[in-house]
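Chain letters run A, B, ... following the sequence lines, proteins first and then strands; every chain starts at 1.
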2 protein chains.
Amino acid sequence: MQNEADYLRDYRAGDFPAVLVTVDSVLFTLIDEKLCVLMVQRANHPQLGYWGLPGGFIDQRTDASTQDTALRKLVEKCGVKPAWLEQLATFSGRDRDPRGWSLTTAYFALIGWQTCQPHIRDVSDARWIPVEELAHIDPIAFDHREIIAVARERLEQKTLYSMVPVYCLGEEFTLTELQGVIEAILQKPIQRKSLVRRFESSEMFEETGKMAVTGARQAKVYRRKAGVDGLNFSRNLGG
Amino acid sequence: MQNEADYLRDYRAGDFPAVLVTVDSVLFTLIDEKLCVLMVQRANHPQLGYWGLPGGFIDQRTDASTQDTALRKLVEKCGVKPAWLEQLATFSGRDRDPRGWSLTTAYFALIGWQTCQPHIRDVSDARWIPVEELAHIDPIAFDHREIIAVARERLEQKTLYSMVPVYCLGEEFTLTELQGVIEAILQKPIQRKSLVRRFESSEMFEETGKMAVTGARQAKVYRRKAGVDGLNFSRNLGG
DNA sequence: TAAATAGTGTCTTTAAGACATTATTCC
DNA sequence: GGAATAATGTCTTAAAGACACTATTTA
């Protein structure tokens, strides 16, 4: 019987028909009170010219995992790393890509648009699209419309029991801005008092000492404490 | 400039180094008050003889998605479909499989062991292993120990806000049995009253009319209503 | 001082936790 | 009747909802 070393020496990838593997990201931000997603106009076949999610193939030399692929592709388009990145789900099937049986591991990401605006202005093929306008964009590449829908669903759920929406904002923000993102995501008003209670009990934030001028009473400016990542509440907001 | 039809005609998979793609499942059940996971002794290289998760390669002719692959492989080992199946996450990297850069989409599944016991008895390479014994099983194939840990984490979380643990039981069960699974998963006692409140308000279950004899007062026997799937509570159990 | 926005106080509501009590069955 | 298990009643607690109120800034 063959031993493992012999097996590996004789092993040739490609004996089985390969699955086409990609990695795509759904990157959200908030612009003008509107939840937006970063879309890229495809520069190659197939579906050249279609709007789709930023992503692409794994580079086996540089990527230690699909998360690295996602980050690499996002940095290409935005110039900076997203403030939040987590795996969403893997979408697969025979018909989702015309080249054959394929699979994409999708990531879910958040960033403050201010952070990457300079870079996106230069990359003419990338654009922030308000999620409400997606319905009017047709076609959309592959199954990316469905992937975005799943990502939105996940974002909504996480908004109910965590502070993730804060990663749609810049480094510094006011409570009213945070409330704005949350309400844009949930598409309904929330109780500011409930938000304040969570904001404080999370201990994820600290005052910068600065005040934001809004035309009336000035608002305290906060930032995320270094090294804090996430905190889940044991109860949902907006019952 | 080439059009899409030309591009697809000329397209050859294999121009890029392929990623090795597999699908694996973490199937849980409850046996003797203990949470167990289905493990299979590997019959092929690499890592022949190691215990690992049931899974394998996608069959592009028969599988419409990785979920089909997961189901196909589980049915091979258990003879029946799991009562619950959902995608867990995709694990990837250069070193997780000695054959090269690889990726596995892992599924998370639940079943009552009674349902598949006859088949598992025949498949000599499959075994239910109590999760507490996993620490003593070394080696475990690939990164499957880590995948199981992530699945357990997910099961624990879902137990706090849903009725999923019920899918670890057979078709018919008592409240005390359900409480048992939950306590085995959370590794701590819960308030039966809280469980009863959730059980009723979920409207996921119905009485069978039967009673279970336990040696003292008999317990009502319930079953899941047809077509009910899941329900998430807006608040966690076991503060 | 009025309007606008920021932030607080406090009562109500909801659903879980704690645990005592009642019910049923077998011996 | 007593032990064991099943099921219910009810008071307490934690955290969100509702909303009135105070505070600060600019016009």
No-hydrogen, no-angle side-chain donor-acceptor test under 3.5 Å, T66(B) and T105(B) = no
When you check the side-chain N and O atoms of R96(A) and S102(A), is any donor under 3.5 Å from an acceptor?
-> yes
From dT25(C), dA16(C), dT5(C), nucleotide with atom closest to A216(B) side chain | dT25(C)
Minimum-distance nucleotide (side-chain atoms of Q218(B) versus dA6(D), dA15(D), dC26(C)) = dC26(C)
Closer than 3.5 angstrom, by distance alone: can the side chain of [X] be matched with the main-chain N or O of [Y] as a donor-acceptor pair?
X       : Y       : value
Y107(A) : Q67(A)  : yes
H144(A) : G52(A)  : no
E183(A) : I190(A) : yes
R145(A) : I137(A) : yes
T208(B) : V221(B) : yes

Could you list the residues that satisfy side-chain hydrogen bond (donor to acceptor under 3.5 Å, both in side chains) with S25(A), not counting sequence neighbours?
-> none
Apply side-chain hydrogen bond (donor to acceptor under 3.5 Å, both in side chains) to T69(B) and list each qualifying residue two or more places apart in sequence or on a separate chain.
-> D63(B)
Comparing R198(A) and Y222(B) on DNA chain D - which has the more 5′ nearest nucleotide = Y222(B)
Name the residue closer to the 5' end of DNA chain D, choosing between V213(A) and G215(B) according to the nucleotide with the nearest heavy atom.
-> G215(B)
Without decimals, in angstroms, what is the distance between [X] [atom1] and [N] [atom2]?
X       : N       : atom1 : atom2 : value
K220(A) : dG7(C)  : NZ    : C1'   : 8 Å
L160(A) : dA15(D) : CG    : C1'   : 15 Å
K188(B) : dA16(C) : NZ    : P     : 14 Å
F199(A) : dA6(C)  : CZ    : C1'   : 13 Å
E200(B) : dA7(D)  : CD    : P     : 11 Å
I190(A) : dG17(D) : CD1   : P     : 8 Å
L195(A) : dA15(D) : CG    : C1'   : 14 Å
M211(A) : dT24(D) : CE    : P     : 10 Å

Quick one: the side chain of R235(B) and the base of dA16(C), do they pair up donor-acceptor inside 3.5 Å?
-> no
Pick out which of E207(B), E177(B), E200(B) makes a salt bridge (charged side-chain N to carboxylate O under 4.0 Å, His left out) with K220(B).
-> E207(B)
B/S/- along nucleotides 18-23 of chain C (protein heavy atoms under 4.0 Å) is BB---B
Neighbours of DNA chain D within residues 169-187 of chain A, by heavy-atom distance under 4.0 Å = none
Tell me, yes or no, whether the heavy-atom count around D32(A) atom CG, taken from other residues, nucleotides or ligands under 6.0 Å, exceeds 12.
-> no
Angle by which the axis turns from one end of the helix from dT1(C)-dA27(D) to dC27(C)-dG1(D) to the other, five pairs per end, to 10 degrees | 20°
Among pairs that include at least one residue of residues 188-214 of chain B, which meet ring-ring contact (aromatic ring centres under 6.0 Å, His included), considering only residues two or more places apart or in two chains?
-> F173(B)-F205(B), F199(B)-F205(B), F199(B)-Y222(B)
